[in-house]
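Indexing begins at 1, ligand by ligand and atom by atom, following the structure's order.
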Amino acid sequence: MARTRQQTPAPSPAGITAAEPVEIQRLVEELDAMLSRLRLGAIREQLDGLLEEAARRQLNLREALAWLCAAEVASKEQRRLSMAMTIARFPFVRTLEGFEFEAQPSIDPGKVRDLATCRWVANGDNVVLLGPPGVGKTHLEVALGREAVARGYTVQFTTAMELLGALVKGQQQGTLEVRLAQYAKPKLLIIDELGYLPLEPQAGHLFFQLISRRYEQGSVLISSNRPVQEWDEVFGDQVVAAAILDRLMHHSHVVMIRGDSYRLREKRRAGLFRPQAGGSSLAGIGGVPPPMPAKEV
Ligand code: ADP
Ligand code: MG
């Protein structure tokens, strides 16, 4: 049988009654300390301004309390965001608003905006960004990573070199388990620049261990300048590369970026580089790899 809800008597602070105005004065004097104790730092710091504004708007007590709480919640959320952004260790600030989709017509803005909802992070899916240097892979990784942080997910940004360097070191020092656990922890792990530099021989096995551990648990956002068909070369082992791709690609969204380096756009405009038909104007310059074959996975 449902119990009828009883009217809870209004709580009164210990020893305080309406007939004791002096006590209220004492409480007001202790307000700062009480706000500190309750960790209501924003209310404490902005109290005069908030109360003045509440009075100006002629808020009743309940409205004024909501007004104060909203200020505290906003400040706590701001702190949480900036802390989570620091923990994520993004190399720089890049946003989706700052991404010029017109400059990279091979990217479907709808697909990127859909990724920005972070449903894929909630589902533990992966995202693979493929494309030649300078086309905005890292920019998109940071921008999507920030969206995930804003939605409350734990995010860590790293490069393939840093990650695999740490795992190799862990293996040598007998701390592999600790390192694997560390990289398995964030809900979203962003691995930038796979394929740019040669990896150590055991790197493929270690990478496989990490990807297996994260499989269907947490998401991986990975970028590479090499098409996945070349990942056996990247990892130096066909079997390991196939096993990595099997898990990575199972629940994944692939974004292929073709076209020219954004970095060289200005230079090209100034006539320093000649645009090449259907490919990156970087091709063949200073040992930079030629553009990737236009193969979707
Ligand atoms: P990649 O990681 O593919 O080599 P980056 O993301 O590092 O390329 O892009 C190189 C620079 O150009 C970065 O400063 C990035 O913010 C900028 N950039 C690349 N593409 C775009 C774009 N479409 N709109 C705005 N800035 C871009
Ligand atoms: Mg990059």
### Task
Output yes when the distance from some N or O of ligand 1 to some N or O of D192 is under 3.5 Å, and no in every other case.
no

### Message
Any nitrogen or oxygen of G136, side chain or backbone, less than 3.5 Å from one on ligand 1?
### Response
yes

### Task
Please determine, by modelled atom types, if D125 and S219 share a side-chain donor-acceptor pair under 3.5 angstrom.
no

[options]: member with heavy atom nearest to [atom]:
{"atom": "atom 22 (C) of ligand 1", "options": "Y262, Y196, F101", "value": "Y262"}
{"atom": "atom 25 (C) of ligand 1", "options": "G98, S223, P91, G134", "value": "G98"}
{"atom": "atom 2 (O) of ligand 1", "options": "L140, T138, V93", "value": "T138"}

### Which of the ligand 1 atoms, numbered from 1, are nearer than 4.0 Å to a heavy atom of P133
4 (O)

### Task
With heavy atoms of E100 as the reference, note each atom of ligand 1 found under 4.0 Å away.
22 (C), 23 (N), 24 (N), 25 (C)

### Query
Salt bridge or not for R213 and E177, using N-O below 4.0 Å?
yes

### Task
Answer yes when E53 and R56 have at least one side-chain N-carboxylate O distance shorter than 4.0 Å, and no when they do not.
yes

### Task
Please check if the side chain of K137 supplies one atom and the backbone of E193 the other of a donor-acceptor pair under 3.5 Å.
no

### Query
Is a side-chain N or O of R226 found less than 3.5 angstrom from the main chain of Y196, in a donor-acceptor match?
no

### Message
Between F99 and F101 (judged by ring centroids, cut-off 6.0 Å), do the two rings come close enough to count as a pair?
### Response
yes

### Task
For the Mg ion (ligand 2), decide whether T138 has an N, O or S atom at a distance under 2.8 Å.
yes

